[in-house]
Amino acid sequence: MNQTDDQVLELLDESDLILLPAVVVMNLDYTRNWGSRRMSKLNDAGVIEEVERGYYRISSKGRAYLTGEIDAVELENSE
């Protein structure tokens, strides 16, 4: 987890929307390639979930991470 991953989670949490990686990176000013790679890793970590092919939302685990209930070390250990 890094600062940009936190920004992705915060955007998904605050918007409470199901979004494509392209929409996320457009709002955070990152490249599409970066967004696809990072969101894939976030999905693997379980902090976001794929609702439908290519569409993501924050998971309950992602919300727990943002509120400090779990930390990045716990996420890395669960991969």
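This is a predicted model, so every value here is computed, not measured.
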- Query: Would you say Leu9 and Met26 are hydrophobically clustered, going by side-chain heavy atoms of ILVMFWY under 4.5 Å?
  - Reply: no
- Task: Check the side chains of Thr31 and Asn33 for a donor-acceptor pair under 3.5 angstrom, ignoring hydrogens and angles.
- Result: no
When every non-hydrogen atom of Met1 is compared with those of Leu42, the smallest separation belongs to SD-CD2, 3.7 Å
task = Measure from the side-chain N and O atoms of Asn27 to the backbone N and O of Val23, and report whether any donor-acceptor pair falls under 3.5 Å.
result = yes
**Study point:** Heavy-atom check, side chain of Arg38 versus side chain of Val8, under 4.5 Å
**Key:** no
dist Ile58:CD1 -> Ile18:CD1 (nearest 0.5 Å) comes out at 12.5 Å
Side chain proximity check, Tyr56 to Leu19, heavy atoms < 4.5 angstrom:
no
Validation row: Tyr65, Asp71 side chains within 4.5 angstrom (heavy atoms):
no
- In one Ile/Leu/Val/Met/Phe/Trp/Tyr side-chain cluster, 4.5 Å: Leu17, Leu11: yes
Do any N or O atoms from the side chain of Thr67 and from the backbone of Arg63 form a donor-acceptor pair under 3.5 angstrom? yes
Could you check whether Arg57 pairs with Asp13 (Lys NZ or Arg NE/NH1/NH2 to Asp/Glu carboxylate O, under 4.0 Å)? no
Distance col, row Asp44:CG vs Met39:CE, nearest 0.5 angstrom, shows 12.0 Å
Nearest heavy-atom approach of Lys61 to Ala45 is NZ-O, 3.1 Å
Interatomic distance, CD@Gln7 vs CG@Asn2, rounded to 0.5 Å, equals 9.0 Å
Quiz prompt | Donor-acceptor contact present, side-chain Ser59 to main-chain Val47, <3.5 Å | solution = yes
Note: Glu50 and Glu52 closest approach over all heavy atoms is CG-O, 3.2 Å
On a heavy-atom basis, the closest approach of Glu49 and Asn43 is CA-OD1, 3.6 Å
Taken to the nearest 0.5 Å, the spacing of Arg37 CZ from Arg32 CZ works out to 14.0 Å
